Enquirer: 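Mind having a look at this structure? Questions to follow.
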Amino acid sequence: MLMVAKQAARITTVRRLAVLLVLVVALFCFAIPGTNDIVRAASNCQITSVSPASVPDGSDDGFAFNIVDNTDNIAWVDVAVPSHNVVITSANSDWLPNTTINSYDVGYSGNPVSAGTGIEVDAEATVSFFSPPASWVIEASTDPNGSNPFTCSGSSTLTVTSTTPPRITNISANAQATSATVSWSTDSQTTGRVDYGKTPAYGSNQNDSQLASDHQITLSGLTPATIYHYYIAATDQAGNTATSIDSTFFTASVPTNTTEQPGSTTGTILPPVTTPADRTPPAISLTTSLPHIVTFGPTVGGIATDNISVAKVEYSTDGGKDWLPVDTANGLGSKSVNFSFKPVNLLDGTFVFVARAIDGADNIATSNEITVILDTMPPAVGGSVIALGPQVLLPDNNGVITTLPNVSSSIYLSATGGATSVDIHAYDTNMPKPTVSGSFTLHQTEDNGLWTGALSFSTAGDYQLVAEAVDGANNTTRRTIGNISVIPPAAVLSTRGTVANATISIYCLDSDSNSWVEWDGAPYSQTNPLRTNSSGHFSLMLPPGTYYAHVDANGYTSVNSASFTLRQPTPLAAAFYLTSAPGFGSLHVPLPFNFAVQPVNLRSVHRQLPAAFMQGSLIGTSLKNLLLMDTTGATQNSISWLGKPTVISVASDWAPAAAEETAALEQLTHNSDINVKVIGLQEDSGKLKADNAITGSQLVWLADPNSKTLPVLPISTVPVNYFIDRKGIIQSVTYGPASYQQLLNTIVNLP
């Protein structure tokens with residue numbers, strides 16, 4: 001009897017395990033994102049064409065998106081832009097006539113379309129700058145409200161070609177008696193050409209058809225002891241051509257040789273007599289005495305001498321990196337030259353003046369150096385951009401950027417007034433008295449002059465960012481440039497509490513292959529997969545895209561999250577729950593597959609910042625008087641803007657997001673009932689006009705090289721838009737680029 005009972009118990013146990021196995025397998029089929037709902041749903045919608053597939057940057061194009069409804073009755077379609085350089089301005093569709101537009105996506109809805117029907121939706125979009133090929137994201141749903149959307153499969157890649165000419169730098173010429181080697185660099189792969197001649201009319205040229213970024217062309221057959229003019233033309237792979245300004249070089253002299261001594265009557269051939277080459281360099285000195293700190297661009301004089309003749313005198317303001325001809329050179333071509341120069345368009349900063357003299361044999365001498373600090377104004381910090389890798393983080397309506405502990409982001413900002421150092425101090429605004437909880441030192445980049453550094457916070461909290469700038473004259477200024485809310489990190493939980501050392505793997509949906517791939521966190525300074533710390537927490541910021549998370553830990557049954565779609569960079573501030581794996585005592589046997597799908601609740605926790613720290617605190621106040629000159633040469637006074645609603649967009653041309661809004665603002669200027677004022681913060685009129693010439697824009701800018709806007713409007717990120725009613729009262733503030741429709745809607749809704 002005992003043996004029979006044991007055998008029955010074994011049979012019962014086997015049956016129970018079999019039933020459990022069948023149940024688990026059934027659950028597994030519904031557990032993994034992509035195995036049931038994702039793959040099945042994605043097959044409902046097929047992208048047949050996206051036209052055009054290639055456009056030049058700076059263009060305004062109409063796009064047609066054609067999809068086929070294979071099995072379901074589609075009632076809603078959403079088209080999201082492939083990258084932030086594409087901004088949707090309008091949309092329409094005969095199939096789904098109701099449209100909802102923002103800058104980066106458009107939703108179409110209407111009566112369900114029968115299965116098998118081809119659907120076309122159209123959108124007008126501006127493409128503001130060059131970017132690598134990327135894909136439109138097209139989603140569909142059978143619900144007119146867009147619930148439970150599925151991603152359409154098929155190719156939707158957009159290629160943006162560049163219309164920006166290359167930049168030519170590091171131009172130099174090394175001249176011999178009958179030849180010269182001209183060298184230069186370009187910021188992209190280009191071919192090259194040198195036009196040259198004895199006059200500015202040139203007349204000769206030499207080509208290099210090889211694509212490269214470092215170039216060198218040798219000119220031969222030149223005349224000794226002669227000044228040659230030359231310029232460089234560089235053409236990139238897109239056919240954009242840039243040319244340099246006119247430059248000159250001076251070929252060396254050739255000594256005179258004879259085969260017979262003068263006066264010889266015997267006819268005997270004597271050895272040639274060679275005139276010794278001139279190897280004696282000239283002498284040069286700067287004779288002007290200057291104070292260490294000056295408040296205007298000084299005139300500097302000096303003298304240059306040579307044993308034969310001085311052919312050229314040049315000066316530099318950066319210690320000899322770049323050279324320009326002096327303004328006056330009395331006696332050029334003789335043994336002694338008095339010269340002077342006055343640098344123009346110098347901005348505040350530290351300058352090292354030095355001059356050099358070149359004689360007819362190409363011998364060069366360099367003068368003594370004079371170091372001065374030009375100080376006409378205290379340093380001023382302009383607009384800033386905070387980015388997670390290549391993704392810009394935009395503030396919310398309160399001017400607050402959200403991030404997580406130990407997530408590193410980059411900050412970029414401009415500064416004028418000759419700043420020699422810039423530091424960011426983070427004040428903890430939740431303390432009774434604001435206290436500095438961390439400081440970040442920025443460094444200046446040589447290529448564009450921007451100040452940049454890394455921001456990272458170890459603990460959750462709300463922080464006010466204050467920039468402190470110091471110039472060469474030790475003038476110090478401080479300015480609030482934004483607010484950061486660091487929310488608590490995500491956690492992995494169980495019935496026993498948090499789970500340490502759990503592994504979180506993030507998978508994203510590739511729009512081209514319609515398959516799940518492991519997300520690459522390296523471009524965003526993050527790792528994937530990652531593990532929870534000893535307290536069971538982890539920090540992860542994700543860029544726009546469609547994702548799911550896989551979580552597992554020793555002794556627990558692993559889980560997948562439900563798939564979720566992000567439209568902007570978002571902290572993954574969620575909680576994942578694990579259950580203990582089946583087992584006995586300390587022995588647990590994890591199942592070889594997932595059997596649970598958890599919804600993802602992306603919480604966004606903002607503590608209320610003090611009103612004094614919020615840029616929105618300007619709402620309801622009158623715009624202070626602002627006086628600036630525009631790019632037509634006219635002076636504009638903000639008092640004259642009263643009587644019409646006004647949008648003031650403050651931007652800087654170095655910020656990529658600012659370029660996205662230019663076309664929308666220009667379109668808005670055609671409405672004579674609205675004042676559209678675009679301020680180039682810390683930009684001069686010449687630079688803004690040059691940018692317009694490159695992009696073909698007709699937008700009139702207000703130039704603000706001396707940061708007059710900052711005391712009136714507290715700029716943080718750029719661009720920022722202020723909406724002002726007819727009475728001059730600030731009614732709304734928005735951050736980041738806006739579409740034409742968004743700008744117009746905000747203005748129409750002003751009181």
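Below, each value reflects all heavy atoms present in this structure, side chains not excepted, and no hydrogens, waters or symmetry copies. Bear in mind that the values here come from a model prediction, so they are computed numbers and not experimental data.
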Enquirer: Judged by atom type as modelled, is there a donor-acceptor pair below 3.5 Å linking the side chain of Thr631 to the main-chain atoms of Trp701?
Expert: yes
Enquirer: If only atom types and distance count, is the side chain of Asp359 paired as donor or acceptor with the main-chain N or O of Ala361 below 3.5 Å?
Expert: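 Flag set: sc Asp359 to bb Ala361 pair under 3.5 Å.
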Enquirer: Taking the six-membered ring for Trp and the full ring for Phe, Tyr or His, determine whether the centres of Phe249 and Tyr228 are under 6.0 Å apart.
Expert: yes
Enquirer: So does Thr452 get a backbone contact from the side chain of His443, meaning a donor-acceptor N/O pair under 3.5 Å?
Expert: yes
Enquirer: Heavy atoms, side chains only, cut-off 4.5 Å: are Lys198 and Ile227 in contact?
Expert: no
Enquirer: Indicate the atoms forming the closest heavy-atom contact of Thr299 with Ser340, along with that distance.
Expert: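 Heavy-atom minimum between the residues: CG2-CB, 4.4 Å.
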Enquirer: Distance alone, cut at 3.5 Å: any donor-acceptor contact between the side chains of Glu661 and Asn721?
Expert: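 On atom types as modelled, these side chains qualify, holding a pair under 3.5 Å.
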Enquirer: Check Ile481 against Ala467 and note the closest heavy-atom contact, atom names and distance.
Expert: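 Nearest heavy atoms, Ile481 then Ala467: CG2-CB, 3.9 Å.
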Enquirer: I'd like to know if the side chain of Thr199 reaches the main chain of Ala201, judged simply by a donor and an acceptor atom lying under 3.5 Å from each other, with no hydrogens or angles considered.
Expert: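 Checked: pair present.
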Enquirer: Verify whether the ring centers belonging to Tyr412 and Trp654 lie closer than 6.0 Å.
Expert: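 No, the ring centres sit 6.0 Å or more apart.
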Enquirer: Within a strict 4.5 Å, meaning less than it, do heavy atoms of the Leu413 and Leu442 side chains meet?
Expert: yes
Enquirer: Rounded at 0.5 Å granularity, tell me how far CG in Asp195 sits from OG1 in Thr243.
Expert: 10.0 Å
Enquirer: Do Lys335 and Ser309 have a side chain donor and acceptor closer than 3.5 Å?
Expert: no
Enquirer: Please name the pair of heavy atoms, one in Leu699 and one in Asn692, separated by the smallest distance, quoted to 0.1 Å.
Expert: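 Leu699 and Asn692 have their closest heavy atoms at O-ND2, 2.7 Å.
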Enquirer: Check whether any side-chain heavy atom of Val81 sits under 4.5 Å from a side-chain heavy atom of Val87, and report yes or no.
Expert: no
Enquirer: Apply the side chain to side chain contact (heavy atoms under 4.5 Å, CB included) test between Thr190 and each candidate in Thr241, Ile168, Asp236; give the one that qualifies.
Expert: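 It is Asp236; the other options fail the test.
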Enquirer: Of all heavy-atom pairs between Leu681 and Gly383, which one has the smallest distance, and what is that distance?
Expert: CD2-N, 3.5 Å
Enquirer: I'd like to know whether NZ of Lys342 has more than 12 heavy-atom contacts from other residues, nucleotides or ligands below 6.0 angstrom.
Expert: no
Enquirer: Could you give the distance from CG (Asn706) to OG1 (Thr376), rounded to the nearest 0.5 Å?
Expert: 7.0 Å
Enquirer: Would Met629 and Leu702 count as a side chain to side chain contact (heavy atoms under 4.5 Å, CB included) here? Give the steps.
Expert: CA-CA 6 Å; Met629 182 176 291; Leu702 299 177; over 6 Å; no
Enquirer: Would Leu628 and Gln636 count as a side chain to side chain contact (heavy atoms under 4.5 Å, CB included) here? Give the steps.
Expert: CA-CA 5 Å; Leu628 294 171; Gln636 294 203 26; 5.8 Å; no
Enquirer: What are the two closest non-hydrogen atoms of Val337 and Gly331, and how far apart are they?
Expert: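 In this case the closest contact between Val337 and Gly331 is CG2-O, 3.3 Å.
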Enquirer: Just by distance, no angles: are the side chains of Gln682 and Ser414 close enough, under 3.5 Å, to form a donor-acceptor pair?
Expert: yes
Enquirer: To the nearest 0.5 Å, what is the distance between OH on Tyr315 and CG on Leu324?
Expert: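 Reported to 0.5 Å precision, the distance equals 4.5 Å.
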Enquirer: Just do the side chain to side chain contact (heavy atoms under 4.5 Å, CB included) check on Gln237 and Leu211 with the steps written out, would you?
Expert: CA-CA 8 Å; Gln237 299 179 71; Leu211 288 168; 3.6 Å; yes
Enquirer: Do any N or O atoms from the side chain of Arg479 and from the backbone of Val381 form a donor-acceptor pair under 3.5 angstrom?
Expert: yes
Enquirer: Counting only N and O atoms by type, is there a donor-acceptor contact under 3.5 Å from the side chain of Thr251 to the main-chain atoms of Thr223?
Expert: yes
Enquirer: Determine whether Ser649 and Lys677 make a side-chain contact, defined as any pair of heavy atoms from C-beta on separated by less than 4.5 Å.
Expert: no
Enquirer: Is the closest side-chain heavy-atom distance between Thr181 and Ile217 below 4.5 Å?
Expert: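 Result no, sub-4.5 Å side-chain heavy-atom pair not found.
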Enquirer: Indicate yes or no for a side-chain donor-acceptor contact from Ser244 to the backbone of Ile232 under 3.5 Å, with no hydrogens or angles considered.
Expert: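 At least one qualifying donor-acceptor pair exists.
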Enquirer: Would you indicate whether the side-chain heavy atoms of Tyr202 and Asp246 approach each other to under 4.5 Å?
Expert: yes
Enquirer: Hey, what's the ring geometry for His215 with Trp184, parallel, tilted or perpendicular (30° and 60° as the breaks)?
Expert: parallel
Enquirer: Could you check whether any side-chain heavy atom of Val700 comes within less than 4.5 Å of a side-chain heavy atom of Val678, counting everything from C-beta outward?
Expert: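 Heavy-atom side-chain distance check fails, nothing below 4.5 Å.
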Enquirer: Under a 3.5 Å distance rule, please check whether Asp471 uses its side chain to pair with a backbone N or O of Asp348 as donor and acceptor.
Expert: no
Enquirer: Can a side-chain donor-acceptor contact be found between Ser316 and Asp322 if the only test is distance below 3.5 angstrom?
Expert: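 No, because no side-chain N or O of Asp322 sits under 3.5 Å from a partner of the opposite role on Ser316.
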Enquirer: Under 6.0 Å from the CG atom of Asn448, do we count more than 12 heavy atoms belonging to anything else shown?
Expert: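 Check passes, neighbour count above 12.
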Enquirer: Could you measure the distance from the OH atom of Tyr231 to the CG atom of Asn205? Nearest 0.5 Å is fine.
Expert: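 Between atom OH of Tyr231 and atom CG of Asn205 there are 8.0 Å.
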Enquirer: Under 3.5 Å, is there a donor-acceptor pair linking the side chains of Ser697 and Glu666?
Expert: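 Note: Ser697 and Glu666 side chains meet the donor-acceptor criterion.
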Enquirer: Any side-chain donor-acceptor pair under 3.5 Å between Thr709 and Asp704?
Expert: yes
Enquirer: Where do Asp691 and Lys689 land on the salt bridge (Lys or Arg N to Asp or Glu O under 4.0 Å) test, with the steps shown first?
Expert: CA-CA 5 Å; Asp691 290 342; Lys689 286 191 286 188; over 6 Å; no
Enquirer: Using only atom types and a distance under 3.5 Å, with no angle test, would you say the side chain of Ser367 pairs donor to acceptor with the backbone of Ala355?
Expert: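 Judged by distance alone, yes, a pair lies under 3.5 Å.
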Enquirer: Please check if the side chain of Ser247 supplies one atom and the backbone of Tyr230 the other of a donor-acceptor pair under 3.5 Å.
Expert: no
Enquirer: Carefully, step by step, assess Thr317 and Phe353 under the rule side chain to side chain contact (heavy atoms under 4.5 Å, CB included).
Expert: CA-CA 5 Å; Thr317 62; Phe353 297 137; 3.6 Å; yes
Enquirer: When rounded to the nearest 0.5 angstrom, what is the spacing between OG in Ser716 and CD1 in Ile386?
Expert: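 Result: 8.5 Å between the selected atoms.
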Enquirer: Taking the side chain as every heavy atom from C-beta outward, state whether Pro325 and Val313 have any atom pair closer than 4.5 Å.
Expert: no
Enquirer: Whether the Ser185 and Thr169 side chains hold a donor-acceptor pair (N or O, under 3.5 Å, no angle test) is what I'd like checked.
Expert: no
Enquirer: As an exercise, state the distance from CD1 of Ile411 to CG of Leu450, rounded to the nearest 0.5 Å.
Expert: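 Reported value, rounded in 0.5 Å steps: 11.5 Å.
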Enquirer: Over all heavy atoms of both residues, which pair between Gln176 and Asn174 is shortest? Give the atoms and the distance, please.
Expert: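 In this case the closest contact between Gln176 and Asn174 is NE2-OD1, 3.6 Å.
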